[in-house]
There are 2 protein chains.
Amino acid sequence: MSTIKDVADRANVSIATVSRVLNNNRYVSPDLRERVQQAIRDLKYEQNVMARNLRRNQSVTLGVIIPDATNPFFAEVTRGVEDVCFERGFIVILCNTSEDTHRAASYLSTLYQHRVAGIVLVTPGDLREELRYHIDKGDPLVLVDRPLPDVPADMVTSDNYGGGYQAIHHLVELGHRRIGLITGGHHLQTTKERYAGVQAALKAAAIPLEPGLVYEQGDYMARSGYEGLAALMQVPHPPTAVFAFNDLMALGALSYAYDHHIHIPDDLSIIGFDDIQASEFFVPALTTIAQPRYELGRIAAELLIDRILGNDHALTNERLPTYLVKRKTTAALVPVNGAHA
Amino acid sequence: MSTIKDVADRANVSIATVSRVLNNNRYVSPDLRERVQQAIRDLKYEQNVMARNLRRNQSVTLGVIIPDATNPFFAEVTRGVEDVCFERGFIVILCNTSEDTHRAASYLSTLYQHRVAGIVLVTPGDLREELRYHIDKGDPLVLVDRPLPDVPADMVTSDNYGGGYQAIHHLVELGHRRIGLITGGHHLQTTKERYAGVQAALKAAAIPLEPGLVYEQGDYMARSGYEGLAALMQVPHPPTAVFAFNDLMALGALSYAYDHHIHIPDDLSIIGFDDIQASEFFVPALTTIAQPRYELGRIAAELLIDRILGNDHALTNERLPTYLVKRKTTAALVPVNGAHA
DNA sequence: TACAGTTTAGAAAACGTTTACATAACAAGA
DNA sequence: TCTTGTTATGTAAACGTTTTCTAAACTGTA
């Protein structure tokens, strides 16, 4: 691998001159410039960005730490980050934690050791101690999707509380009163917030929360949605509508319903959360609470890069709105009363 | 940000000693070692991996260039790469090309300038010229999923030809003779191979290929599957079975079928390709040709890292087998003849 | 013709590490 | 006591850049 020195030798100039044509920030005579460029071509020289960054004491790399890039929600967030990075000349290092706090902590250190300019983090759990350590040093960081209290970092999240409220409100408006829940992990702030929104909406509609109607073992993956609906349909008075805390679990629920001849939305309404790209093509097309996934990533990246570039604004806590996307999995409750039996 | 020099000063030792406790590769007396470690803690020192790599002339970073991390297939491949990297102390830089050859070429250069140790590439098109340039320099590279002829690089792909054959064979075995195709972009080698497999299987069954039964505008995204099936059902003699060249398009087709009251699999059989995680939960559960997506990524990463570490084996061209996963979207053709009309 | 000012290019220091080399201290065998 | 050998530490060079500083060469004006 050839270096700037090789180029300089071949072009019979000093390395300073080569550096100047590389960055063209100083005048170099056409003659020398041409010789240098020829040498670069001859040697297939590629600038060593690491060395450059070392000398300049800068970095054009962002770290992204997410639970699982295989989950469409995080994939879309990551895509937002990466697109901004591409536009602004950064590159992104991707790290999957599999919801493992240790792996996240490990990646956090690794990334800063690699001198990333900043990190976009979807935390798998309570990483406050590790974060404080890094933030105290001044390492830029932005928390996405899952906030963490008392951490002095930028955060960009969506309005999970509002989203939970909207989901239930929609179901209630359709006349449902027996509403089942398939939640996600309860250690997650997002789950808690959605749950709080649910409770508020239920209360507003004067519907008591029935413990039997909430399946708590959801883990935001499709299979648990399948199992969740299975459990919910086993209770004495099954729900007429179910709110799955994300689209993947809603997909699982749809699958269970199909397998057991539960007709959606006539027999049962299902509503999801996220509005991942595919949800439009679920069968039936999924009614869901949309989050601006891609925007979440974009905004986080913009925030981070701005801060890195020295535009230090006050700590932001951006909370993006969610909204209902009505499709085909929810419908008005048709009152079936005992008269038929 | 403190440096090794700061640590040395505070611990009253030379930087060499600090380096030695950092890498613990030389004997350092317990006394000094303790002082150094204390200083590291005090200063919150983090090793600068870039500087280390510069000096050692090594790199522990892999680049991954894929069309779109938002596509579950590529997400799962990437996940395979990343897991191997984590195990072996590497990190991965992720680049999405959006199927844009220029963006890919740009990333290729950027990555090598960042001195990644190697690149895992799912090429968006014919990048042979650019690749030759880099390969000639000796930059390690492995092509995944989409091979490129005459490129002296390791390749790991799946048996798309065989997969295409299997898909058609399965449908034929079920009695179908009017088989529709929703293909992907025809500039892609994978598409061509699947298509060739299809043709071979059709020929083996003595079924002529009807141009009207192949929808060529597919782009491997769900929407085009929806539109593809729409187009196929409009022809005078619509197919009784459809092979969508990937699961996402199969999902789109399922969605169209549902919207237009085409019952799957009774009225129409559908088979996909990939076996992405979610396909098991499609409605109905998707019959598909499975590719070892995660393994594709893992093997690519192993190959690359081995080569980087100097185990230079001959060029490999690993071709992983595909296999049929029978689920609920295909069924035996029930002969409906004119007698009923 | 001389002088100041400007332009162009090279020399060398710096970025934060690792590591080859040098050296001091000490133990042990003669 | 004097070598010799070992061990523990430090000094300095090197990695590939950028950039400050310096110097040489040129330009133009008096």
Side-chain angles (χ1 to χ4, degrees), chain A residues 1-37 39-40 43-61 89 109-117 137 139, chain B residues 1-37 39-40 43-61 89 109-117 137 139:
Chain A
M1 181 127 304
S2 48
T3 73
I4 200 174
K5 186 154 189 326
D6 300 326
V7 175
D9 288 350
R10 177 171 252 265
N12 249 302
V13 298
S14 73
I15 59 170
T17 301
V18 177
S19 175
R20 279 161 196 151
V21 352
L22 247 29
N23 302 293
N24 61 289
N25 45 9
R26 285 279 186 289
Y27 189 91
V28 174
S29 68
D31 174 29
L32 291 199
R33 176 178 300 272
E34 180 44 44
R35 261 158 55 201
V36 168
Q37 274 158 351
I40 289 177
L43 297 172
K44 294 173 192 278
Y45 168 74
E46 302 249 20
Q47 217 171 353
N48 185 332
V49 177
M50 321 274 289
R52 165 210 271 246
N53 287 347
L54 177 61
R55 170 60 224 238
R56 286 202 175 155
N57 198 13
Q58 67 166 19
S59 160
V60 291
T61 307
S109 287
T110 303
L111 287 178
Y112 285 128
Q113 285 173 359
H114 277 264
R115 293 298 186 269
V116 295
K137 285 193 313 187
D139 296 335
Chain B
M1 183 128 302
S2 48
T3 75
I4 199 175
K5 188 155 186 327
D6 300 327
V7 175
D9 287 351
R10 176 171 253 264
N12 249 302
V13 298
S14 73
I15 58 171
T17 302
V18 177
S19 175
R20 279 161 196 151
V21 350
L22 246 28
N23 302 293
N24 62 289
N25 46 7
R26 285 279 185 291
Y27 188 91
V28 174
S29 68
D31 173 29
L32 291 200
R33 177 179 298 272
E34 178 45 44
R35 260 156 56 200
V36 167
Q37 274 157 350
I40 289 176
L43 297 172
K44 293 173 193 278
Y45 168 75
E46 302 250 19
Q47 218 171 351
N48 185 333
V49 178
M50 321 274 287
R52 164 210 273 246
N53 286 347
L54 177 61
R55 170 60 224 242
R56 286 202 176 155
N57 197 15
Q58 67 166 20
S59 159
V60 291
T61 307
S109 287
T110 302
L111 287 179
Y112 284 127
Q113 285 174 358
H114 277 264
R115 292 298 185 272
V116 294
K137 285 193 313 186
D139 296 334

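Numbered from 1 within each chain, the chains take letters A, B, ... in sequence-line order.
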Counting primed atoms, P, OP1 and OP2 as sugar-phosphate and everything else as base, the B/S/- map of nucleotides 16-24 of chain C against protein heavy atoms under 4.0 Å is BBBBB----

Work out which heavy atom in [X] is nearest to a heavy atom in [Y]; give both atom names and the distance.
X: Asn23(A); Y: Arg52(A); answer: OD1-NH2, 2.8 Å
X: Tyr45(A); Y: Ile4(A); answer: CE1-N, 3.5 Å
X: Arg115(A); Y: Met1(B); answer: NE-SD, 3.4 Å

key: Heavy atoms from other residues, nucleotides or ligands near NZ of Lys137(B) exceed 12 (cutoff 6.0 Å)   =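 Enclosed: over 12 neighbouring heavy atoms sit under 6.0 Å from NZ of Lys137(B).
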
Task: Asn53(A) vs Val60(A) side-chain heavy atoms within contact, under 4.5 Å - done: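 Side chain of Asn53(A) against side chain of Val60(A), heavy atoms only: contact under 4.5 Å found.
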
Of all residues at least two apart in sequence or in a different chain, which pass the salt bridge (charged side-chain N to carboxylate O under 4.0 Å, His left out) check with Arg20(A)?
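Scan of Arg20(A) (salt bridge (charged side-chain N to carboxylate O under 4.0 Å, His left out), adjacent residues dropped) gives none.
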
For this session: Would you work out how much the helix from dT1(C)-dA30(D) to dA30(C)-dT1(D) bends between its ends, with each end axis defined by five base pairs, to 10 degrees?
Result: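 The angle, to the nearest 10 degrees, is 60°.
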
Val21(A) and Leu32(A): CA distance, side-chain angles, deciding distance, side-chain contact (heavy atoms from CB on, under 4.5 Å) verdict: CA-CA 9 Å; Val21(A) 352; Leu32(A) 291 199; over 6 Å; no

*For atom CZ of Arg33(A) and atom P of dT7(C), their distance in whole Å*: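 Distance check: Arg33(A) CZ to dT7(C) P gives 16 Å.
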
**Message:** In this structure, how many angstroms lie between the P atom of dT27(D) and the OH atom of Tyr27(A), rounded?
**Reply:**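 It is 12 Å, rounded to the nearest whole Å.
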
Between Arg10(B) and Asp6(B), does any side-chain N to carboxylate O distance fall below 4.0 Å?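 Judged by the 4.0 Å cut-off on N to carboxylate O distance, Arg10(B) and Asp6(B) do not form a salt bridge.
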
